[in-house]
Amino acid sequence: NPILYEYEDLSSSEETVGSRFGYIIPFLLITSILMGSMYPAIDTTAGEKERGTMETLLTLPVKNMELIMSKFLATSTIAVAAALLNLISMGVLGVYFYQSMQSVSETAMTFDLMSYLPAMGITVLCVVVFAMFASAVCLCVCIFAKSFKEAQNYTTPVMLVFMIAGMAGMIPALELNKTTALIPVVNIAMLIAELFKFHFDISLIAMVLFSNIAYSMLAIVFMTRLFKSEDVLFGDGSNSIHLLERRSNMKKNQIPGIGDNVLLFSILLIILLFAGSIAIIKWKLYGLILEQALILVATVFYAWYIRADRKRVFSLQAPKIRDVFCTVILWMGAYLLMILASAGLTVLFPESAKNANATVELWENVPLWLIVLSSAAMPAFCEEMAFRGFLFGTLKNRIKMPVAILITGMVFGLYHMNFVKFFVIGALGCLLAYAVYKGGSIWLSILIHFLNNLLSVVITLYPEPMKKIVPFLMEEDLTVNSIVILLIVGIVLTTLGIVLFKWSHGDYKKKIMG
């Protein structure tokens with residue numbers, strides 16, 4: 001024993017107790033706020049539909065925004081009250097146990113309860129803004145339901161997502177920074193955990209609070225649009241969750257509802273976070289293949305069970321050669337623009353960029369065919385069946401095409417759970433959806449997805465040969481000349497691909513003839 005060492009805890013008793021509070025309090029608050037907002041949201045939307053009072057409200061001499069704001073404020077007030085009562089009850093219980101321990105044991109840890117007042121004050125603000133966000137989300141989800149029971153089924157996936165995200169404060173390696181401060185639910189959980197550790201960063205606190213307010217306002221604007229749709233308010237339930245019905249009672253060749261997509265992608269999120277993560281840790285690239293296979297099986301089984309119209313939803317017909325050519329040209333231009341976007345976002349958010357290529361660590365001492373299969377072929381087919389198949393196939397038949405393309409891209413970006421990837425992959429998702437829309441075949445998006453991932457694999461595994469073939473793709477620090485060239489060529493090729501697509505499908509001829 002040449003070196004003697006001993007463990008010494010340098011944290012104060014208040015910091016020790018606060019770190020333990022930070023693990024459990026955020027999760028309990030998020031859960032109680034969601035439960036407090038859920039039932040008022042159900043009653044003011046689906047409940048009024050079921051009672052037949054929604055029509056009466058719409059006849060009142062008020063604007064849609066005023067009506068929605070009244071529902072939003074009522075739901076938020078109840079959610080805040082429930083959360084504050086829960087917080088007070090936890091505080092009173094905590095003080096009772098603390099005093100009981102002090103009276104029973106002389107060796108019990110002592111700490112100053114008053115030192116937590118600043119953390120408690122900011123936590124109250126977090127409760128208010130998060131109640132606004134949770135209320136807005138619940139209202140947006142429940143408006144699609146026709147009955148109280150159906151709305152409860154809709155909110156189950158929402159609760160699951162919120163509870164999983166609410167555990168962020170329990171993850172030791174996860175820190176509150178400029179990236180995580182913008183992630184809904186996660187930012188609130190991590191901020192409260194940091195506050196009880198006496199870590200007060202004014203800029204991060206402001207980012208968390210204002211981002212939640214912004215998300216709430218966006219949700220209210222979205223709900224205002226929904227209130228203008230008679231299909232949403234008084235529809236026949238075509239946007240509901242068909243999986244909850246008996247298969248024998250379902251119509252053949254139907255289009256999935258919005259609720260079906262919410263439920264399916266909640267299931268896919270669970271697969272990604274739990275089954276997929278465990279499989280990758282245990283079996284590495286084989287686990288990644290299993291994760292993709294589970295995504296495909298869940299998507300195909302869901303579509304089969306609800307008797308979805310496979311041709312209209314998945315667009316499995318073979319593509320035309322001219323559409324393949326247009327797709328490749330479009331992808332080449334978009335790829336160059338994505339290089340520029342990635343470079344800019346990497347400079348702004350270096351921490352997110354480091355985590356963006358975590359899969360590359362699994363490629364060491366692995367045969368090439370397994371890398372291509374797990375990182376290019378399987379994601380291209382399985383993810384496209386879920387996103388450009390089930391999701392986009394539903395949205396393009398339910399809402400306006402530009403909005404359907406945008407939502408598909410955003411969900412695709414969120415699926416990769418990385419701030420830098422959200423923008424770049426989200427843009428790629430919009431491109432893939434546009435190709436399927438114009439070409440009428442999901443094989444076009446599968447082709448782009450495969451080429452995009454395959455190029456990343458080749459660049460990573462063979463940097464020296466690729467530097468000779470395409471040196472502009474291998475530059476670590478882009479020069480001004482390289483940026484200008486990539487920008488011009490990217491815009492030209494992207495525009496050319498769009499023009500060729502429109503010309504191929506007679507869009508310009510229709511305008512001329514019209």
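Using a 4.5 Å cut-off on side-chain heavy atoms (C-beta onward), Phe412 and Arg388 make contact. Two residues are said to be in side-chain contact when any heavy atoms from C-beta on lie closer than 4.5 Å; Tyr116 and Phe198 meet this criterion. Between Ser37 and Ile78 the shortest side-chain heavy-atom distance does not fall below 4.5 Å. Put simply, the side chain of Val127 reaches to within 4.5 Å of the side chain of Leu29, judged on heavy atoms. Between Ile289 and Leu370, some side-chain heavy-atom pair lies under the 4.5 Å cut-off. Here the side chains of Phe422 and His416 are not in contact, with every heavy-atom distance at 4.5 Å or above. For the pair Val158/Met38, no side-chain contact is recorded, criterion being any heavy-atom separation below 4.5 Å from C-beta on. Between Ser211 and Asn187 the shortest side-chain heavy-atom distance falls below 4.5 Å.
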Step-by-step side chain to side chain contact (heavy atoms under 4.5 Å, CB included) determination, Cys138 to Thr75: CA-CA 9 Å; Cys138 289; Thr75 305; 5.8 Å; no
Ring pair (Phe, Tyr, Trp, His ring centres under 6.0 Å) evaluation trace for Phe390 with Tyr302: CA-CA 9 Å; Phe390 199 97; Tyr302 200 115; 5.5 Å; yes
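Relative orientation of the Phe387 and Tyr415 rings is perpendicular, given thresholds of 30° and 60° on the angle between their planes.
No donor-acceptor pair closer than 3.5 Å links the side chain of Ser374 to the backbone N or O of Tyr286. Side chain of Ser216 to main chain of Phe133: a donor-acceptor pair is present (N/O by atom type, distance under 3.5 Å, no hydrogens or angles). At distances below 3.5 Å, not a single donor-acceptor pair connects side-chain atoms of Asn86 with backbone N or O atoms of Ala83. In this structure, Ser375 contributes its side chain and Val372 its backbone to no donor-acceptor pair below 3.5 Å. Using a distance-only test at 3.5 Å, with no hydrogens or angles considered, a donor-acceptor pair links the side chain of Asn212 to the main chain of Val208. A donor-acceptor pair under 3.5 Å is absent between the side-chain atoms of Ser342 and the main chain of Ile339, judged by distance alone.
Residues Asn177 and Thr180 bring a donor and an acceptor atom of their side chains to less than 3.5 Å of each other. Looking only at atom types and distance, the side chain of Ser203 has a donor-acceptor partner in the side chain of Asp201 under 3.5 Å away.
Under the rule for a side-chain hydrogen bond (donor to acceptor under 3.5 Å, both in side chains), the partners of Thr394 that lie at least two apart in sequence or sit in another chain are Asn261. Lys71 is linked by a side-chain hydrogen bond (donor to acceptor under 3.5 Å, both in side chains) to Glu48, counting only residues two or more places apart in sequence or in another chain.
Residue Lys197 qualifies as enclosed at atom NZ: its count of foreign heavy atoms under 6.0 Å is above 12. Enclosure of atom CE in Met410 is not indicated, since only 12 or fewer non-hydrogen atoms of other residues, nucleotides or ligands lie within 6.0 angstrom. Counting heavy atoms of neighbouring residues, nucleotides and ligands inside a 6.0 Å radius, atom CZ of Phe200 exceeds 12 of them.
Ring centers of Tyr215 and Phe222: at least 6.0 Å apart, outside the cut-off.
Note that CZ of Phe265 and CD1 of Ile271 are 11.0 Å apart. Values are rounded to the nearest 0.5 Å. For the atom pair CG (Leu431) and OH (Tyr335), the distance works out to 13.5 Å, reported to the nearest 0.5 Å.
Within the structure, salt bridge (Lys or Arg N to Asp or Glu O under 4.0 Å) pairs that include any residue of residues 74-92 do not occur (at least two apart or interchain).
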